[in-house]
Amino acid sequence: MFGPLLAAFSQATASGRIALELEVTVGALYEGDVLAVGPGGAEVLTAETLVLATGAHDGQAVFEGNDLPGVLSARAAAELVAHGVLIGERVAWCHPEGPTAFGQAFASAARAASATVHAFHGLPRSVHGGTVVEGASFLQSDEEVIYDLDAVVLDLPSSPAYELAVQAGARVRHEARGYVFVADPDGVIAPGGVRGVGELVGTPLDPDAVLAEAARVAG
């Protein structure tokens with residue numbers, strides 16, 4: 001589905017119509033100017049159109065032992081298993097607000113690799129361990145149940161990486177997962193026509209949604 005779009009993008013970069021800069025970090029916005037730092041040094045860029053795709057931070061949860069080795073986000077777990085690294089043979093997959101695309105991808109791949117994945121519509125009460133998870137306590141039907149595990153995967157709603165957009169003048173409101181944007185139907189999130197795309201504005205990780213968003217922004 002993305003083939004034609006990627007081909008068109010590759011042709012545009014090869015012809016010079018699009019300048020593609022890799023390994024560049026945008027550190028700040030100053031009244032429409034962009035401070036970018038890359039292998040060649042720092043430079044200030046002025047863009048006619050600014051589209052921010054800064055992504056999102058993985059969701060966090062508060063419980064005893066949430067910072068122990070072996071407790072990680074669904075995104076991190078999916079990334080590891082995609083590179084052939086299985087985080088354990090006994091895993092708790094916790095999705096208190098419903099599974100995300102990352103969590104589903106991880107669980108499917110881990111089970112295909114013969115791991116036992118316990119799905120919980122909730123969070124652990126506590127996690128204990130040394131260098132890896134040794135046990136996790138869950139409250140089930142008013143009874144505390146202890147599971148011996150290798151890892152705990154937290155599948156939580158992500159929080160938009162809002163910092164650059166706020167520098168551009170974007171308005172945000174606070175939700176339990178973090179700050180989210182007040183955007184118009186065309187995706188404009190800040191004065192001057194600054195647009196946000198992708199996880200930054202909550203676009204689903206779905207090919208149709210991504211293509212529709214790309215067409216809307218390009219138009």
Side-chain angles (χ1 to χ4, degrees), residues 1-7 9-10 22-23 53-141 143-161 176-178 197-214:
M1 181 175 291
F2 287 108
L5 186 64
L6 292 175
F9 182 79
S10 297
L22 302 177
E23 299 180 4
T54 50
H57 305 294
D58 290 342
Q60 300 294 323
V62 178
F63 54 85
E64 182 183 354
N66 66 347
D67 59 346
L68 287 174
V71 180
L72 66 168
S73 71
R75 186 195 305 260
E79 180 74 11
L80 287 170
V81 76
H83 287 82
V85 179
L86 187 61
I87 59 175
E89 297 180 355
R90 302 163 300 171
V91 181
W93 169 34
C94 305
H95 49 80
E97 299 186 35
T100 68
F102 290 115
Q104 291 174 325
F106 161 75
S108 177
R111 286 168 174 157
S114 300
T116 299
V117 179
H118 302 279
F120 294 98
H121 189 65
L123 291 169
R125 299 186 69 190
S126 63
V127 173
H128 302 279
T131 56
V132 295
V133 170
E134 292 178 353
S137 166
F138 292 86
L139 189 63
Q140 297 176 326
S141 300
E143 179 182 356
E144 186 179 48
V145 179
I146 305 294
Y147 286 82
D148 288 327
L149 302 165
D150 300 315
V152 173
V153 172
L154 303 178
D155 192 7
L156 303 170
S158 60
S159 173
R177 63 191 178 100
V197 297
E199 285 189 288
L200 178 67
V201 292
T203 301
L205 294 174
D206 171 79
D208 290 335
V210 172
L211 288 174
E213 183 177 63

Subject >> All pairs passing salt bridge (Lys or Arg N to Asp or Glu O under 4.0 Å) where residues 109-138 contributes a residue, at least two apart >> reply: Arg125-Glu144

Subject >> Shortest non-hydrogen contact between Leu156 and Thr100, atoms and distance >> reply: O-CG2, 4.2 Å

Subject >> Sub-4.5 Å side-chain heavy-atom contact between Val85 and Glu79 >> reply: no

**OP:** Could you tell me whether the side chain of Ser159 and the main chain of Arg177 form a donor-acceptor pair under 3.5 Å?
**Re:** yes

Original post:
If you measure from CG on Asp206 to CG on Leu211, what distance do you get to the nearest 0.5 Å?
Top reply: 9.0 Å

Original post:
Does any non-hydrogen side-chain atom of Leu154 lie less than 4.5 Å from one of Val71?
Top reply: yes

Original post:
Which residues pass the salt bridge (charged side-chain N to carboxylate O under 4.0 Å, His left out) test with Glu23, sequence neighbours left out?
Top reply: none

Subject >> Side-chain donor/acceptor of Asp150 to backbone N/O of Arg90, under 3.5 Å >> reply: yes

Original post:
Do you know which two heavy atoms are closest between Cys94 and Leu123, and how far apart they sit?
Top reply: CB-CD2, 4.4 Å

Subject >> Inter-residue atom distance Phe120.CZ - Phe138.CZ, 0.5 Å rounding >> reply: 4.0 Å

**OP:** State, yes or no, whether a side-chain contact exists between Phe106 and Leu72 at a heavy-atom distance under 4.5 Å.
**Re:** no

**OP:** Drop me the distance from Leu149's CG to Glu89's CD, to the nearest 0.5 angstrom.
**Re:** 12.5 Å

**OP:** Identify the two heavy atoms, one from Asn66 and one from Ala61, that lie closest to each other, and give their separation to 0.1 Å.
**Re:** ND2-O, 2.7 Å

**OP:** Compare all side-chain heavy atoms of Asp58 with those of Phe102 and state whether any distance is below 4.5 angstrom.
**Re:** no

**OP:** Would you check if the side chain of His128 reaches a backbone N or O of Ala136 as a donor-acceptor pair within less than 3.5 Å?
**Re:** no

Subject >> Considering all heavy atoms, the nearest Pro160-Leu200 contact >> reply: CB-O, 3.3 Å

Subject >> Value rounded to 0.5 Å, distance of CZ in Arg75 from CG in Leu205 >> reply: 7.5 Å

Subject >> Side chain Thr54, main chain Ala161, donor-acceptor under 3.5 Å >> reply: yes

Subject >> Closest heavy-atom pair and its distance - Val152, Pro124 >> reply: CG1-CG, 4.1 Å

**OP:** Name all residues meeting the ring pair (Phe, Tyr, Trp, His ring centres under 6.0 Å) criterion together with His118; count only those two or more places apart in sequence or in a different chain, and write none if there are none.
**Re:** Tyr147

Original post:
Between atom OG of Ser137 and atom CD1 of Ile146, what is the distance when rounded to the nearest 0.5 Å?
Top reply: 4.0 Å

Original post:
Is the CD atom of Gln140 crowded by more than 12 outside heavy atoms at less than 6.0 Å?
Top reply: yes

Original post:
Hey, does Val153 have a side-chain heavy atom less than 4.5 Å from the side chain of Val117?
Top reply: no

